[in-house]
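Comments concern the structure below.
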Protein chains: 2
Amino acid sequence: MRPTVHDIAAEAGVSLATVDRVMNARPGVREKTRLKVEQAIEKLGYVRDVAAANLAKGRSYPFTFILPCNDNAFMAELRSAVIQADARGRVERTRITIVDVPAFDAEALADALLAAGESETAGIALVAIEADPVRAAVRSLTERGIPVVTLVSDLEDSTRDHYAGVDNPSAGRTAATLLGRFLGPQKGTIGVLAGSLSVRDHQNRFDAFSEAMEAHFPGLAILPPMEGRDDASRARQLVSKALAENPDMIGLYSLGAGNRGLIAALEEARENGREVVTIAHELSPHSRAALESGLFDVVLNQDAGHEVRSAIRVLKAKADGLPVIAAQERIRIDIFIKDNLP
Amino acid sequence: MRPTVHDIAAEAGVSLATVDRVMNARPGVREKTRLKVEQAIEKLGYVRDVAAANLAKGRSYPFTFILPCNDNAFMAELRSAVIQADARGRVERTRITIVDVPAFDAEALADALLAAGESETAGIALVAIEADPVRAAVRSLTERGIPVVTLVSDLEDSTRDHYAGVDNPSAGRTAATLLGRFLGPQKGTIGVLAGSLSVRDHQNRFDAFSEAMEAHFPGLAILPPMEGRDDASRARQLVSKALAENPDMIGLYSLGAGNRGLIAALEEARENGREVVTIAHELSPHSRAALESGLFDVVLNQDAGHEVRSAIRVLKAKADGLPVIAAQERIRIDIFIKDNLP
DNA sequence: CTGTTAGCGCATTCAA
DNA sequence: TTGAATGCGCTAACAG
């Protein structure tokens with residue numbers, strides 16, 4: 001049997017309460033006594049049973065997740081990941097309230113942040129939008145000691161405690177390398193479809209993609225980026241038009257959402273005997289099908305479940321004043337081709 | 001506050017014990033009473049606190065992991081993943097004993113299995129070797145109701161309860177697609193370096209790789225596979241020799257361990273102005289460096305941590321007689337290039 | 001068939 | 001400065 005508080009109390013010749021005081025670094029213990037207890041802990045190799053501790057504490061962590069009412073597949077998955085995390089949360093004693101805000105609406109997001117700050121909350125996660133009102137709201141929260149983490153999309157120059165999302169420049173470079181190598185010696189132009197370049201992660205992906213492309217694949221020229229606003233019909237139009245206007249376009253990097261429209265445009269092109277090497281983001285039923293049918297060549301993915309779990313771990317650590325191990329919270333970029341689909 | 005057993009006992013007008021019996025599907029409850037309790041559970045939206053339940057049960061799951069004393073990086077990581085899992089095991093009440101066996105020794109493995117079966121164990125995980133004594137040992141365990149899962153390497157035609165490892169044919173196909181696409185229109189031959197083709201996972205990878213290659217990239221011919229026994233110096237010799245003898249060799253798939261020797265051979269070749277597109281398995285400090293220096297183009301990886309955690313989840317489920325959700329336990333093949341390294 | 005009762009390992013009043 | 005006692009939510013003897 002593993003040692004319990006009783007064992008170390010007996011070993012140190014003190015009571016449970018004293019042991020507890022030492023363990024939780026609370027005042028009211030003589031230096032001598034504390035030493036005895038610490039030695040007993042060391043000697044018996046005691047480690048506290050977190051589950052039992054939480055049970056006794058009865059403490060729970062009411063977190064708030066502010067999510068945009070976007071109807072794309074990725075946001076749906078993110079939302080479902082949050083719900084699942086909440087369901088599993090009984091053990092960890094976390095409780096999550098989801099707050100919906102209109103997409104791309106900085107004012108609404110800022111308001112939601114402030115409102116969440118007024119409610120009983122142990123920490124807040126948000127999909128950030130780069131805007132001053134949002135930065136101000138975040139500042140007011142962190143100043144009151146409420147932990148704040150950005151999820152999926154970061155907020156630069158802000159006081160947020162942590163960013164739980166992928167390294168977007170790395171994603172852009174990954175796309176560049178794969179596209180360049182798949183195209184090999186071919187020369188031509190490359191189309192880029194973004195949601196909006198005023199969104200930080202899209203901008204970051206694009207910059208890194210361009211830079212890597214220019215550096216390593218001089219035979220491939222990048223066309224001016226299209227902005228599809230993550231909207232299917234708009235994306236479809238833009239891509240169709242680009243294909244028509246650029247007969248030398250042999251590659252396409254779609255770095256935002258709105259894959260449905262893109263897929264429609266590619267299907268149409270294929271019927272006309274036109275194929276371009278395509279890399280898109282986020283695995284969903286649609287993009288998966290596109291991968292299997294060869295319309296997409298690669299899908300880069302961020303695992304929404306990982307991001308949510310990481311956000312929760314960090315919020316909890318911050319709420320408890322504990323440090324976070326950065327390396328462990330790093331979110332990877334998954335590469336999928338048709339052969340390694342999960 | 002969430003409802004507790006007390007609340008539902010009150011609501012149903014019965015005692016705690018009865019509630020407990022219903023919840024754990026134990027006998028000795030009248031159908032009528034059971035219904036009342038179930039309705040109360042439904043009505044109050046009760047979900048049991050697993051942590052508290054485990055605490056009260058005091059049950060622990062003493063598992064045994066049988067690992068080969070291989071000194072390669074992957075096995076080291078696997079071992080460390082097991083140790084970490086054990087450390088986290090306090091909450092889940094799992095305790096893991098690691099048993100070491102000589103690598104590639106079927107008799108020793110079989111003996112270790114039987115010995116583990118004699119000790120107090122709630123389940124056993126093993127890195128399997130395809131051999132009849134092993135199959136027999138596994139059978140004797142499963143017949144006694146001890147859950148057995150294979151880890152990393154499977155045991156076909158056996159009574160093991162589950163395989164926690166990657167889909168090796170899928171890995172082989174992934175390698176074929178990437179190699180073929182990276183080489184593009186080039187024609188030439190492809191070398192294959194295996195550990196031993198008598199190991200099931202290596203054989204599976206090779207078969208799928210060959211098949212996909214022939215089907216989709218007819219311009220690339222596969223050379224007879226080399227068997228490096230996961231040994232560095234042997235691998236180095238084999239690869240150097242193959243490079244010398246096959247001037248038209250433009251690609252290489254290393255599907256086993258022993259990357260150090262391979263890297264040495266590739267470095268030597270590079271100094272002589274020779275480069276081949278290379279895909280290897282398992283991310284380690286060595287393979288990572290090779291990726292960064294361009295000696296490796298792609299590394300396929302199985303996440304040892306995932307495999308271990310999955311094995312534990314399955315063992316626990318089997319020990320409790322619960323079903324496992326196959327889709328959730330599927331181990332992915334990670335693709336790494338220099339740009340998406342974690 | 002059902003209820004009472006005593007813990008699991010820990011945190012926390014309230015006394016001493 | 002320290003200790004005894006009580007309870008968190010649940011399970012499992014042991015009675016009835």
Side-chain angles (χ1 to χ4, degrees), chain A residues 1-38 40-41 44-61 88-95 319-321, chain B residues 1-38 40-41 44-62 88-95 319-322:
Chain A
M1 251 355 226
R2 329 182 102 94
T4 75
V5 269
H6 291 92
D7 298 323
I8 85 147
E11 174 76 25
V14 298
S15 77
L16 290 187
T18 303
V19 172
D20 187 63
R21 291 188 185 101
V22 173
M23 281 183 12
N24 295 355
R26 265 184 300 232
V29 184
R30 233 187 354 199
E31 197 47 39
K32 257 188 144 162
T33 326
R34 140 162 299 124
L35 223 67
K36 273 198 301 186
V37 174
E38 281 168 349
I41 290 179
L44 301 190
Y46 170 84
V47 283
R48 70 116 93 38
D49 182 327
V50 203
N54 283 336
L55 176 59
K57 266 200 286 251
R59 168 165 194 187
S60 70
Y61 302 79
R88 284 194 325 270
R90 339 293 285 216
V91 196
E92 307 291 332
R93 309 204 96 72
T94 59
R95 200 177 335 175
D320 288 337
Chain B
M1 251 355 225
R2 330 180 103 94
T4 74
V5 269
H6 291 91
D7 299 323
I8 85 146
E11 174 76 25
V14 297
S15 78
L16 290 187
T18 303
V19 173
D20 187 61
R21 289 189 186 99
V22 173
M23 284 185 7
N24 294 355
R26 264 184 299 233
V29 184
R30 230 184 2 196
E31 198 47 38
K32 257 186 143 161
T33 326
R34 141 160 298 127
L35 223 67
K36 276 197 301 187
V37 174
E38 281 168 349
I41 289 179
L44 301 190
Y46 170 83
V47 282
R48 72 117 94 42
D49 182 326
V50 202
N54 283 335
L55 177 59
K57 268 202 282 255
R59 168 166 195 188
S60 70
Y61 302 79
R88 284 193 325 271
R90 339 292 285 218
V91 195
E92 307 291 333
R93 310 204 95 70
T94 58
R95 200 178 334 174
D320 286 338
L322 301 174

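For the numbers below, each heavy atom of this structure counts, side chains included, while hydrogens, waters and symmetry mates do not.
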TODO: Round to a whole Å and report the spacing from CG of B/N54 to C1' of C/dC10.
DONE: 16 Å
TODO: Classify the nucleic acid contact of A/V19 as base, sugar-phosphate or nothing, counting any heavy atom under 4.0 Å across all strands shown.
DONE: nothing
Task: B/T33 side chain, from C-beta outward: closest of D/dG3, D/dG9, C/dC1 - done: C/dC1
TODO: Kindly say whether A/A51 contributes a backbone atom to a donor-acceptor pair with the side chain of A/N54 at under 3.5 angstrom?
DONE: no
Task: Of the listed nucleotides C/dT4, D/dG9, D/dA12, the one nearest the side chain of B/S15 - done: C/dT4
- [ ] By nearest nucleotide on DNA chain C, pick out whichever of B/P27 and B/G58 is the more 5' one.
- [x] B/P27
TODO: Classify the side chain of A/R21 and the base of D/dT1 as holding, or not holding, a donor-acceptor pair under 3.5 Å.
DONE: no
- [ ] Give the rounded distance in Å between these two atoms: OH of A/Y46 and P of C/dG9.
- [x] 10 Å
Open item on the list: Side chain of A/T18, heavy atoms from C-beta onward: which of C/dC10, C/dT4, D/dG3 has the nearest atom to it?
Closed with: D/dG3
Open item on the list: Need one value for B/A17: base, sugar-phosphate or nothing, where a base atom within 4.0 Å counts as base even if backbone is also close, heavy atoms only.
Closed with: base
- [ ] Mind calculating the distance between CG (A/D49) and C1' (D/dC10) to the nearest angstrom?
- [x] 14 Å
- [ ] Check every strand shown and say whether B/G28 touches a base, only sugar-phosphate, or nothing at a heavy-atom separation below 4.0 Å.
- [x] base
Task: Check against side chain to side chain contact (heavy atoms under 4.5 Å, CB included), B/R21 and B/T33 - done: CA-CA 11 Å; B/R21 289 189 186 99; B/T33 326; over 6 Å; no
TODO: For A/R34 and D/dT2, give me the distance from atom CZ to atom C1', rounded to whole Å.
DONE: 13 Å
Open item on the list: Rounding to an integer number of Å, can you tell me how far A/D7 CG sits from C/dC10 P?
Closed with: 9 Å
Task: Integer-rounded Å distance: C/dC8 P and A/K57 NZ - done: 20 Å
Task: Closest heavy-atom pair and its distance - A/Y46, A/P3 - done: CD1-O, 3.4 Å
Open item on the list: Tell me whether the side-chain N/O atoms of B/R26 come closer than 4.0 Å to OP1 or OP2 in D/dT11.
Closed with: no
Task: B/D20 CG to C/dT2 C1', straight-line distance once rounded to whole Å - done: 13 Å
Task: For atom CG of B/L16 and atom P of D/dT11, their distance in whole Å - done: 10 Å
Task: Proximal nucleotide (of C/dA11, D/dG9, C/dT2) relative to the A/N24 side chain - done: C/dA11
Open item on the list: What's the separation between atom CZ in A/R30 and atom OG1 in A/T18, rounded to the nearest 0.5 Å?
Closed with: 10.0 Å
TODO: Carefully, step by step, assess A/V29 and A/K36 under the rule side chain to side chain contact (heavy atoms under 4.5 Å, CB included).
DONE: CA-CA 11 Å; A/V29 184; A/K36 273 198 301 186; over 6 Å; no
